[in-house]
Amino acid sequence: MAVWTLGLNHTTAPLDLRGRFAFALDQLAPTLHRLRQDLAVKTDEAPEAAILSTCNRTEIYCAANQASPHDTLHWLARTGGVSAQELQSHTYLLEGDEAARHAFRVASGLDSMVLGEAQILGQLKDAVRAAEDAGALGTTLNQLFQRSFAVAKEVRSSTEIGAHSISMAAASVRLASQLFEDLKNIRVLFVGAGEMIELVVTHFAARQPKAMAIANRTLERGESLASRFGAETMRLADLPERLHEFDAVISCTASTLPLIGLGAVERALKKRKHSPMFMVDLAVPRDIEPEVKSLEDVYLYTVDDLAGVVQAGQAQRQAAVAEAEVIIDAGVQSFNHWLGQRGTVPLIQQLQDQADTWREAELARARKLLAKGESPEAVLEVLSRGLTQKMLHGALAELRSADPEHREQTMQAVQRLFLRKER
């Protein structure tokens, strides 16, 4: 089986390009169906497939009898509405053991913007679950991902890769603290109610701001999160009219279009008499129009802007990275060994089927002899001799008929298979 990974991430592609290839979790099943259908037309085989899509990366993992990375690239380019040539300059393609190594590094947090962060492991598990539910996951990718989870667990428990790390949520609070003298005096609005917003709310709540509000498309989910932190809830439709009430706005939704536009922010600033606004857009694609950053009294940060903050403390984790790589190397070797063995499965099955055929034939013969009144001892003798002859027939025939050039090779094979000492 061939295994390959095609991806783009925060180191290879700018935010707006990544936004073209962002897939919400509930979009993965139909997207995987289209991918596999498209590749099946070109290769006569629907590959195993999984898609990992986060704010920092989109990666396609595939496995099939024959690799088709070129077709995978063209499919992704069409999906995002860009040329394959343009996309190729921002992507990476990994095959075989390098694809496995990459999956293990991603799961372990070694490939993340926040080195050693744990959130990516949960996101990868969600992606695998979605692929499994969509019927796109087979034995090979299932093994790859289950082994990546095991490697990630060992890396996290055996090294200090997660020590000293600063999350996106913590970085948002740190930046807000640089703008506002005391966070207890500000009002904070959170747009969205997903996992990332939950983390950000948790960090801000610890600083006890004057007020917090959560705006979400579904009020029920927003209310569930708000009730835990004493925040109010509001509808997304009310955002334009109430935006001026908040000193800090942090947004992270799965919307494909910006929710907060330049005009809305300009009106909010006017009502605030140009009092500064702190805004963080953690969404990919963007939730806040990029033109907002040009406004004099707005401090807008994107996922990529936070890179410098979250990478603080990275030097202290370099020793842990070296230890993690050793664990990952062992995981890659183990997966490659398993993948190599997969090629022998059909032959093993054929051997077992042939042995069963011989056994059934000799048992049938033995039953007939017993029915005729032959003694059990004589029948056992005939049974054992018959099985022995059938098992040795192929090897003996090869030895007798092999030409001189191949005889030595045949002799070594027979010695290895039949004459090795029991261990």
What I want to check is whether the side chains of [X] and [Y] have a donor and an acceptor closer together than 3.5 Å.
X	Y	answer
D305	T302	yes
T54	Q123	no
S108	R105	no
Q333	D329	no
Q178	R174	no
E59	Y92	yes

(request) Any chance you could lay out the side-chain hydrogen bond (donor to acceptor under 3.5 Å, both in side chains) test for T11 and N9, step after step, and finish with the verdict? (result) CA-CA 5 Å; T11 65; N9 64 20; 2.6 Å; yes
Say whether, by atom type as modelled, one donor and one acceptor occur between the side chain of [X] and the main chain of [Y] under 3.5 angstrom.
X	Y	answer
T58	F21	yes
H203	V173	no
S148	F145	yes
T202	E198	yes

Could you grab the distance from atom [atom1] of [X] to atom [atom2] of [Y], nearest 0.5 Å is fine?
X	Y	atom1	atom2	answer
D44	S68	CG	OG	11.0 Å
L8	I60	CG	CD1	9.0 Å
S294	E289	OG	CD	10.5 Å
L93	W4	CG	CH2	10.0 Å
L387	R365	CG	CZ	9.5 Å
L110	E117	CG	CD	11.0 Å

Is [Y] paired with [X] through a side-chain N to carboxylate O contact shorter than 4.0 Å?
X	Y	result
K368	E374	no
R101	E98	yes
D281	R286	no
R36	E48	no
E232	R242	yes
K42	D38	yes

(request) Could you tell me which residues satisfy side chain to side chain donor-acceptor pair (under 3.5 Å) with H10, sequence neighbours excluded, listed by chain and number? (result) none
(request) Give me the ring orientation class for F204 and F190: parallel if the planes are under 30° apart, tilted from 30 to 60°, perpendicular past 60°. (result) perpendicular
(request) Indicate the ring-plane relationship of H70 and H74, choosing parallel, tilted or perpendicular according to the 30° and 60° boundaries. (result) tilted
(message) salt bridge (charged side-chain N to carboxylate O under 4.0 Å, His left out), that's the test. Do D304 and R18 meet it? Break it down for me.
(response) CA-CA 11 Å; D304 290 355; R18 298 202 306 275; 2.8 Å; yes
(message) Give me the atom names and distance for the closest heavy-atom approach of L236 to P240.
(response) O-CD, 4.1 Å
(message) Given M279, which partner from the list L295, D287, V249, V191 fulfils the side chain to side chain contact (heavy atoms under 4.5 Å, CB included) test?
(response) V249
(request) Using the side-chain hydrogen bond (donor to acceptor under 3.5 Å, both in side chains) rule, take D356 and Q352 through it: C-alpha gap first, then chi angles, then the decisive distance, then the call. (result) CA-CA 6 Å; D356 281 341; Q352 290 175 334; over 6 Å; no
